[in-house]
Amino acid sequence: MSMSPKAAADPIQPGFIHTDDGVRLFYRDWGRGKPVVFLSSWSLNSDSWAYQMLALAEHGHRCVAYDRRGHGRSSDPGVGFDFDRLADDLATLLDTLELEDVTLVGHSMSCGEIIRYLSRHGDRRVSRAVLVGTVTPTLSRTDDNPDGIDPAVFESFRSDWLMRDFPRWLEDNIRPFMTADSSPGMMAWVKSMALQASMKALLDCHRVTTSTDFRRELQAVTVPTLLIHGDLDVSSPLGITGRKTAELMPNATLTIYEGAPHGLFLTHMDRFNRDLMAFLDA
């Protein structure tokens with residue numbers, strides 16, 4: 001007999017929840033008010049949303065963020081890095097904290113986790129969503145997705161960089177993630193988060209992120225959704241991700257930031273925070 005994530009979870013510890021497969025997930029919970037739950041991108045963790053959580057908590061929102069399994073301070077089980085399991089982890093968080101009328105905010109890979117959560121668990125707890133630099137609907141080139149990226153490019157990254165010298169790859173690629181005027185301290189902070197992640201988690205999560213097709217699921221998501229994307233995003237090129245996602249979703253609005261990279265929530269922080277608060281208060 002299957003059990004719900006909440007029923008199978010251990011009692012809440014301060015700052016941690018437990019999934020039904022024994023994984024301990026770190027979370028932070030700031031402020032009071034209508035809840036906003038933040039999901040971080042591939043390799044990053046809940047720290048990456050600190051500047052949004054601070055701003056929203058000051059304006060009367062309850063801000064919750066957690067570290068994906070194998071990332072940050074959460075357990076590294078070596079398994080469970082597929083979108084079904086990751087969506088179930090999100091369900092465990094929402095159920096354990098008994099959150100209602102939630103706005104889900106995701107960046108990059110975690111946009112897929114949000115879509116899979118909504119298709120797998122429904123929107124009973126969720127009132128709206130924000131997808132930033134999304135990887136949806138699908139990244140890889142296939143016969144029915146000729147505009148996608150050659151899968152060999154992704155495999156080359158995994159074999160030549162991720163499994164050989166990830167720190168060097170981070171050093172070489174932090175600049176395109178940020179902007180020319182990003183401070184050395186900010187870039188070092190982002191790299192430090194990525195270096196906390198489990199290599200097994202990075203490998204498995206990258207595989208599912210670059211191979212999963214969300215096209216059918218996106219068409220069934222009806223909650224109001226704000227997509228924010230930079231036109232200089234090299235990690236998730238706008239033409240094959242943000243634009244196509246907006247076209248597939250029945251209740252989505254796409255906002256494009258000119259001159260913005262993949263990490264726009266940090267590089268264009270003031271504008272992003274204003275847009276986020278306006279969407280929440282609409």
Using modelled atom types and a 3.5 Å cut-off, is there a donor and acceptor pairing between side-chain atoms of [X] and backbone atoms of [Y]?
X    : Y    : answer
Q52  : F265 : yes
S110 : E113 : no
R141 : N145 : no
D123 : L118 : no

Are side-chain heavy atoms of [X] and [Y] found at a separation under 4.5 Å?
X    : Y    : result
I114 : C111 : no
V126 : V37  : no
W169 : L162 : no
L25  : T92  : no
I240 : I149 : yes
F154 : L139 : yes
D165 : P167 : yes
K200 : F81  : yes

Interatomic spacing from [atom1] in [X] to [atom2] in [Y] - rounded to 0.5 Å:
X    : Y    : atom1 : atom2 : value
T103 : F279 : OG1   : CZ    : 6.5 Å
D231 : Y257 : CG    : OH    : 12.5 Å
D275 : L264 : CG    : CG    : 10.0 Å
R62  : W30  : CZ    : CH2   : 14.0 Å
H59  : N273 : NE2   : CG    : 9.5 Å
R128 : N251 : CZ    : CG    : 10.0 Å

(request) Kindly indicate, with the supporting measurements, whether the criterion side-chain hydrogen bond (donor to acceptor under 3.5 Å, both in side chains) is fulfilled by S127 and D101. (result) CA-CA 5 Å; S127 61; D101 198 16; 3.0 Å; yes
Tell me the closest heavy-atom pair linking [X] and [Y], and the distance in Å.
X    : Y    : answer
I256 : R271 : O-NH2, 3.7 Å
R68  : S43  : NH1-N, 4.4 Å
Y66  : L86  : OH-O, 4.4 Å
G133 : S236 : O-OG, 3.4 Å
R73  : S46  : NH2-OG, 3.4 Å
T134 : T241 : O-CB, 3.2 Å

What about [X] and [Y], same hydrophobic cluster or not, with Ile/Leu/Val/Met/Phe/Trp/Tyr joined at side-chain heavy-atom distances under 4.5 Å?
X    : Y    : answer
V221 : V102 : yes
L232 : I228 : no
L54  : M193 : yes
M199 : L195 : yes
M53  : L93  : no

(request) Report the C-alpha separation of W161 and N173 in whole Å, then their side-chain angles, then the decisive distance to 0.1 Å, and conclude whether the side-chain contact (heavy atoms from CB on, under 4.5 Å) test is met. (result) CA-CA 11 Å; W161 289 106; N173 287 274; over 6 Å; no
(request) Report the C-alpha distance between T136 and T245 in whole Å, list the side-chain angles of each, state the deciding distance to 0.1 Å, and finish with yes or no for side-chain hydrogen bond (donor to acceptor under 3.5 Å, both in side chains). (result) CA-CA 6 Å; T136 56; T245 297; 2.9 Å; yes
(message) If the condition is side-chain hydrogen bond (donor to acceptor under 3.5 Å, both in side chains), which residues does D270 pass it with, not counting sequence neighbours?
(response) none
Salt-bridge present ([X], [Y]; N to O < 4.0 Å):
X    : Y    : answer
R158 : D204 : no
R168 : E171 : no
D147 : R243 : no

Is the number of heavy atoms from other residues, nucleotides or ligands under 6.0 Å of [X] [atom1] greater than 12?
X    : atom1 : value
K191 : NZ    : yes
M269 : CE    : yes
R32  : CZ    : no
D143 : CG    : no

Once you measure the plane-to-plane angle for [X] and [Y], does it fall in the parallel (<30°), tilted (30-60°) or perpendicular (>60°) bin?
X    : Y    : answer
F38  : W49  : tilted
H206 : F157 : tilted
W189 : Y51  : perpendicular

(message) For E100, give me all partners under side chain to side chain contact (heavy atoms under 4.5 Å, CB included), at least two apart in sequence or on another chain.
(response) R124, R125
(request) Kindly determine whether M277 and L56 satisfy side-chain contact (heavy atoms from CB on, under 4.5 Å), including the steps that lead there. (result) CA-CA 7 Å; M277 283 190 274; L56 292 181; 3.0 Å; yes
(request) Just do the side-chain contact (heavy atoms from CB on, under 4.5 Å) check on D233 and L238 with the steps written out, would you? (result) CA-CA 7 Å; D233 190 328; L238 173 62; 5.8 Å; no
(message) Could you go through L280 and K34, starting from their C-alpha distance and side-chain angles, then the distance that decides it, and tell me whether this counts as side-chain contact (heavy atoms from CB on, under 4.5 Å)?
(response) CA-CA 9 Å; L280 293 172; K34 189 175 292 187; over 6 Å; no
(message) For D89, run the salt bridge (Lys or Arg N to Asp or Glu O under 4.0 Å) check against R24, R69, R120 and tell me which one passes.
(response) R69
(message) Tell me if the centroids of the rings in H268 and F272 come within less than 6.0 Å of each other.
(response) no
(request) Let me see the working for R85 and D20 under salt bridge (Lys or Arg N to Asp or Glu O under 4.0 Å), right down to the final yes or no. (result) CA-CA 10 Å; R85 178 67 256 186; D20 57 3; 2.9 Å; yes
(request) Run the numbers on T212 and R116 for side-chain hydrogen bond (donor to acceptor under 3.5 Å, both in side chains), then give the verdict. (result) CA-CA 11 Å; T212 303; R116 182 58 54 84; 5.4 Å; no
(message) Applying side-chain hydrogen bond (donor to acceptor under 3.5 Å, both in side chains) to S108 and H262, what does each step give before you reach the verdict?
(response) CA-CA 8 Å; S108 194; H262 197 50; 2.9 Å; yes
